[in-house]
Structure formats: structure tokens, C-alpha cells
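For the single chain, residues carry numbers from 1 onward in sequence order.
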Amino acid sequence: MSAANSPPYPPARGLLAGKTVVITAAAGTGIGYAVARRAAEEGARLLISDIHERRLGEAAERLTRETGQAPLTCVCDVTVEDQVQTLHAAAQAGLGHVDVLINNAGLGGEVPVVDMTDAQWSRVLDVTLTSVFRMTRAFLPNMQARGCGAIVNNASVLGWRAQKGQAHYAAAKAGVMAFTRCSALEAADQGVRINAVAPSIAMHPFLAKVTSDELLGQLAAREAFGRPAEVWEVANVMIFLASDLASYLTGEVISVSSQRA
């Protein structure tokens, strides 16, 4: 699903050559798969994870077809600590070590505050914010021990800006931003960088399925380019943050947005 005025898909430049990368929520058609594809194209060895086993297998097959590289896979529910630990063990065993962790898992929904249940609030925060904490807690010690590594978290412009019906999601993404800044300070002395991206709107089939055409049109109209981002345009920034080109960036949240001021 591409806008008519989208730029061409960029060529690879070897930005992650020789690096090992773990990506959560990498199945499907969204940012997670896009960053997995870009990472493979940039020379990384991958382990991709998702809660949906069938979709994860399909994503691995598609990545192999599109990039010529077969990723490792591990089914993982990032809200369950035991499964996060299993994912970490699989990554260490399969990749030897992990250079880059990309925390992409997130869950949204549109519910007014007065109608929101405790369960809806807690579920969105658990998947979107607490999972970033769990994954970082699991993977960071080995990076610190090696004296290098990069973690890239997927936040959202809603961590800064307001939108009706998104209080739980916005609160979670603002939390991802704050967690990124604090954990980055803790990891810096050991040479590990932790940054985040904050996309505005990136179009993919699942978003189109769960969002009204009216709202999608309104969101796109706010963008200076008059269109949503392609998912790979967000992935490009995540790849940059994961690469050695971003060696002096840590604790930063990069807005991937063309929204007018």
C-alpha cells in the first residue's frame, strides 16, 4: 500500500554488515517486518520474533525470498517473562551474541478514557511499555559485558501529541521515551547506545483494516508531504540508529514525521 508520491525503495549500503539483530513483533506487514527486511539487506544476521507462530513462519519465508537470508525465529509473548528469557537464550545460542535489539512490539486501540477498563489500560501498557523494559533487562547485560551494542525502541509522536481515544497508547509511548532516556544513561558507560524512533503515521494493510478511512485521511492531511510514511521509511531511521553511523547518539527520540508545526 503505497502513496503515489512515495520515494523509491532505497538500495542497501552495508550499514549492519556482520552484526546480529533481534527484532520483536516482526511478523505481518508493519514496521517490524520492514525493519527486519532492511536489516537483512544491510548485511545483518537476524532472529525475528512474534507472538503469532504461523505469521512468524510466513514472515521468515518471505524474508528468505526477498533478501536471500533465512532468519532464525522464536515465538515469544513479550508480556511473559519466561518467554522473554527463552527468546534471549535462543538469540545467544543461535547468533552467538546480540549486537542490536529492536523493541517493536506495541498494541493500540481507540477508547475514550471514561469508557476504558482497567484491563484495556493494563494490556496496552504491558505490551507497549513493559515489554520494552523486559526485553532490555534481558538483553542489556550481555551487551554491557561485551562493551558494545545498540537498542532501538519504537515509540510514537503520540508520546508528545494528543489524540482522542488514545490515552492508554499515548501514555505507554511517552513511557517508552522516558525509559529510553533513563536506560541510555545507565548503559552509556559500558558503550551501549539506546535510542528510539517516534513515527507519526506509517501505512500498512493492518492499519488500514483497523482504522477508518476518515481518520486515516485526517492523519495524512496533517503531514507536510500529504501522505503517510512507508513502513520502510521508518525502518530506515531505525537501521541508522542501530548502525555505527549513530555512534554519538544515545537517549535520543527521533521523530519520523513530516507533520506541520
Side-chain angles (χ1 to χ4, degrees), residues 1 22-36 48-56 58-59 73-84 86-87 101-139 151-180 183 196-212 215-216 219 228-229 231 234-235 238 253 256-257:
M1 182 175 298
V22 172
I23 305 167
T24 63
T29 59
I31 293 171
Y33 181 82
V35 75
I48 60 172
S49 177
D50 201 277
I51 192 174
H52 301 286
E53 184 173 8
R54 177 185 58 80
R55 288 171 51 194
L56 182 61
E58 292 171 351
T73 63
C74 182
V75 176
C76 178
D77 181 345
V78 291
T79 69
V80 179
E81 175 64 17
D82 287 349
Q83 294 192 33
V84 169
T86 296
L87 172 58
L101 169 64
I102 296 180
N103 285 314
N104 177 66
L107 179 67
E110 187 173 359
V111 187
V113 169
V114 294
D115 298 324
M116 193 178 297
T117 65
D118 283 9
Q120 288 171 316
W121 171 270
S122 297
R123 178 63 176 165
V124 168
L125 265 72
D126 198 7
V127 174
T128 308
L129 172 58
T130 310
S131 73
V132 175
F133 156 66
R134 289 190 190 95
M135 290 292 297
T136 301
R137 181 175 61 186
F139 281 78
I151 298 174
V152 182
N153 300 323
N154 193 356
S156 168
V157 295
L158 289 185
W160 292 310
R161 301 165 183 165
Q163 185 174 313
K164 292 179 180 178
Q166 298 291 329
H168 49 355
Y169 183 74
K173 290 300 190 180
V176 170
M177 294 177 179
F179 179 83
T180 296
S183 58
V197 297
S200 53
I201 176 174
M203 183 54 65
H204 54 89
F206 181 74
L207 178 64
K209 181 179 179 181
V210 300
T211 310
S212 69
L215 179 56
L216 288 175
L219 295 174
V231 286
V234 178
M238 300 176 87
V253 181
V256 188
S257 171

More than 12 heavy atoms from other groups under 6.0 Å of CG on Asp118 | no

Considering non-hydrogen atoms only, spot the tightest contact between Trp121 and Ala171 and give its length.
-> CH2-CB, 3.8 Å

Could you grab the distance from atom CG of Leu56 to atom CD1 of Ile48, nearest 0.5 Å is fine?
-> 5.0 Å

Do Phe139 and Leu87 touch side chain to side chain, with heavy atoms closer than 4.5 Å?
-> yes

Between Asn103 and the options Val22, Thr180, Ile151, Ile23, the side chain to side chain contact (heavy atoms under 4.5 Å, CB included) test singles out Ile151

Mark yes or no for whether Ser131, through its side chain, and Thr79, through its backbone, hold a donor-acceptor pair below 3.5 Å.
-> no

So do Phe133 and Thr136 actually touch side chain to side chain, heavy atoms under 4.5 Å?
-> no

Test item: Lys173 side-chain N/O and Asn154 main-chain N/O as donor-acceptor pair under 3.5 Å | yes

How long is the span from the NE2 atom in His168 to the CE atom in Met116, to the nearest 0.5 Å?
-> 4.0 Å

Check the surroundings of atom CD in Glu81: do more than 12 heavy atoms from other residues, nucleotides or ligands lie under 6.0 Å from it?
-> yes

Are any non-hydrogen side-chain atoms of Arg134 and Val78 less than 4.5 angstrom apart?
-> no

May I ask you to decide if Cys74's main-chain N or O and Ser49's side chain share a donor-acceptor pair within less than 3.5 Å?
-> yes

Would you check if the side chain of Glu110 reaches a backbone N or O of Gln166 as a donor-acceptor pair within less than 3.5 Å?
-> no

Does Asn153 use its side chain to pair, donor to acceptor, with the backbone of Val176 at less than 3.5 Å?
-> no

Looking only at atom types and distance, does a side-chain atom of Thr24 sit under 3.5 Å from a main-chain N or O of Ala105, one as donor and one as acceptor?
-> yes

Which heavy atom of Gly159 sits nearest a heavy atom of Met177, and at what distance?
-> CA-CE, 3.8 Å

